[in-house]
Amino acid sequence: MTSLGLFALVLALATLTGLFNARILRLPLTIGVLLLSLVVSVGLSVADWVLPLHTVHALQTLLTQIDLPTTLMEGALAFLLFAGAQGVDLGALFARKFSVLALALLGTLLAVVVFAAGAWGIFTLVGLNVPLAWCVVLGAILAPTDPVSVVGMLRRLGLPAQVQALFAGESLFNDGVGVVIFTVALEVAHHAHHAHPVSALRLAEAFTTEVGGGLLVGLVGGWLARKAFALSQDPQLDLLISLTLCTGTYSLCTAWGLSGPIATVTAGLCMAAPATQRRITEQGRKNLHVFWELVDEVLNAMLFALIGFQVLALSFSRALVVAAALAIPLAIIARLLSVLLATLPVYLRGQDRMGVLAVLTWGGLRGGISISLALGLPESPMRAPLLAVCYCVVVFTILVQGLTIAPVVRKFHPS
C-alpha cells in the first residue's frame, strides 16, 4: 500500500470512530477514538480466534507498514508540539516559569528514577529478568506526559489559568526532555555489560548538548521567523513561514544530533510571543490560529486511533499481565512523588497546594510519545516486556484518568 493509501486508511478509521463517538459516546474526541479502536481490536482478535480468517495477521502487517515510531518521531511530533505551543498563555506560563522548568527537568528525572526502581522490583517479583538499566529505559519511556485529551476539558471546567499553564508548559517541554533521557538511557543499557561502560560525564555532556542545542536552534529559528513576518504582509506567506519554522528547526536538530522536540517547542513559543504576533497581519493571525488548531485535532485523532489498534501487535504472558497491573499504580505513585518533590520548593507553598498537586498528578496522562518510544526499542529480549507494560500504563492513564479528571478538578477547584 502506498503512503497516501496508508494515510487515507488511518484518517478513515479516525473519522469513523470519531463519528460514532460524537453520536453515541460523546467523550472527548481522542479518548473516544482510542476506546473505540481498542474495542474494535479486541473484537477482531476474538473473531479471528473463533473463526480464523487471518484478519489480525493482515492488520499486524499493516501496522508494521505504518511504522508508528518513525511516523510520530520524524513527522507528527514536530507539528503536534508546534501546534501545542501556539495555544499556551505566555503570560501565565512566564509567571510560573520556574515551576514549569522544575516539572519538565527535575520532575521528569525524578519520575524516571522512581518508576525504574519500582519496575525493577516488580519484574523481579513476577520472575522476569529485566536488568535495572532497562528499567531506567522504561522509566524514560513513561516519563513524558501528554494531557492533550483533557486540556480542553480542563479549560471548560474553569481550571485556574496558572495551573493550565503548568499543564501545557510541562507537557510541551518534558516531551523533549523525556526523549533525551530515553536516548541516553538506551545507550547506557546497551553498554551495561561491556568492558567500557558509558561514563557519567559523557551522559551529562550528551544531555546538556541535546537540550541546550535544541533551545538555541529554537530561539534562532524564532528570531528569523519574526524578521520574516515583518517582511511579509500576505496571510498565505505567513502560513508558509510558520510551516518552515516548524519543520526546519526539528529537521536541523535531528540532523545535528540535538533535541528536535525542545527546538520545536521553543520556536513555537517564540512565534506565539506578542512581539512576533504584532508583525503578522490580522488575517494572517486568524489563519494561523485556525490552521494549527486543525492540525492538532486531526493528528491527535489519527494518532490515538493507531494507538488503539497497536494492541493487535502485542503479546502477553501471565507474568507480563501481573507486571503491567502492578506498574499502573507505580506510575501514579511516581507521578505524585515527582510532582511533589519538583514543585514544592518553587510553587506548592500557597493555600491551594493540595488541589494543584492532585490535579497535576491525576492529569499526568501518557500518550503517543511513550508508545512511539516503546515501539522504537531495538529487537532484544527486553523489548516485549517493556512494550507490554508501557502500553497498559498508557491506556489506563488515558481511559481511566482522562475520564475521571473532571470530578477531581471540580473537587479541588470548584467553579
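Quick caveat, the model's predicted, so the values are computed rather than measured.
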Would a 4.5 Å heavy-atom cut-off, applied to side chains only, mark [X] and [Y] as touching?
X: Val179; Y: Pro144; result: no
X: Leu377; Y: Val137; result: yes
X: Leu243; Y: Phe291; result: yes
X: Pro378; Y: Leu186; result: yes
X: Cys390; Y: Leu142; result: yes
X: Val177; Y: Phe207; result: yes
X: Ile398; Y: Leu403; result: no
X: Val359; Y: Phe167; result: yes

Set of side chain to side chain contact (heavy atoms under 4.5 Å, CB included) partners for Cys253, sequence neighbours left out: Val217, Leu258, Ala263
Minimum heavy-atom separation for [X] and [Y], please, with both atom names.
X: Leu219; Y: Cys270; value: CD2-SG, 3.9 Å
X: Leu387; Y: Ala374; value: CD1-CB, 3.5 Å
X: Ala76; Y: Leu299; value: O-CD1, 4.1 Å
X: Ser37; Y: Gly308; value: CB-CA, 3.6 Å
X: Thr397; Y: Leu365; value: O-CD2, 2.9 Å
X: Ser41; Y: Val311; value: CB-CG1, 3.3 Å

Nearest-0.5 Å distance, [atom1] of residue [X] to [atom2] of residue [Y]:
X: Leu77; Y: Thr254; atom1: CG; atom2: OG1; answer: 9.0 Å
X: Thr264; Y: Phe82; atom1: OG1; atom2: CZ; answer: 8.0 Å
X: Cys135; Y: Leu386; atom1: SG; atom2: CG; answer: 7.0 Å
X: Ile280; Y: Gln233; atom1: CD1; atom2: CD; answer: 10.5 Å
X: Lys286; Y: Asp238; atom1: NZ; atom2: CG; answer: 13.5 Å
X: Phe173; Y: Leu103; atom1: CZ; atom2: CG; answer: 12.5 Å

For [X], what residues pass the side-chain hydrogen bond (donor to acceptor under 3.5 Å, both in side chains) criterion, not counting sequence neighbours?
X: Gln236; answer: none
X: Ser242; answer: Trp292
X: Thr276; answer: Arg226

Hey, mind stepping through Phe229 and Met271 against side-chain contact (heavy atoms from CB on, under 4.5 Å) and telling me if it holds? CA-CA 10 Å; Phe229 282 126; Met271 200 185 97; 3.7 Å; yes
Using only atom types and a distance under 3.5 Å, with no angle test, would you say the side chain of [X] pairs donor to acceptor with the backbone of [Y]?
X: Thr17; Y: Ala14; value: yes
X: Asn21; Y: Leu27; value: yes
X: Thr249; Y: Leu245; value: yes
X: Arg335; Y: Leu330; value: no
X: Ser370; Y: Ile141; value: yes
X: Gln86; Y: Gly268; value: yes

Name all residues meeting the salt bridge (charged side-chain N to carboxylate O under 4.0 Å, His left out) criterion together with Lys227; count only those two or more places apart in sequence or in a different chain, and write none if there are none. none
Residues in salt bridge (charged side-chain N to carboxylate O under 4.0 Å, His left out) with Arg366, at least two apart?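 Arg366 satisfies salt bridge (charged side-chain N to carboxylate O under 4.0 Å, His left out) with no residue once adjacent residues are dropped.
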Heavy-atom count check: over 12 atoms from other residues, nucleotides or ligands less than 6.0 Å from Trp362 CH2? yes
Given Asp234 and Leu240, is the side-chain contact (heavy atoms from CB on, under 4.5 Å) satisfied, shown in steps? CA-CA 10 Å; Asp234 185 339; Leu240 287 177; over 6 Å; no
Decide yes or no on side chain to side chain donor-acceptor pair (under 3.5 Å) for Thr30 and Asn300, but give the supporting numbers first. CA-CA 7 Å; Thr30 49; Asn300 271 303; over 6 Å; no
Under the side-chain contact (heavy atoms from CB on, under 4.5 Å) rule, what do Gln401 and Ile405 come out as? Steps first, then yes or no, please. CA-CA 6 Å; Gln401 293 177 222; Ile405 186 64; over 6 Å; no
Checking Ile262 against Thr266 for the side-chain contact (heavy atoms from CB on, under 4.5 Å) test, could you report, in this order, the C-alpha distance in whole Å, the side-chain angles of both residues, the deciding distance, and whether it holds? CA-CA 6 Å; Ile262 294 286; Thr266 305; 4.1 Å; yes
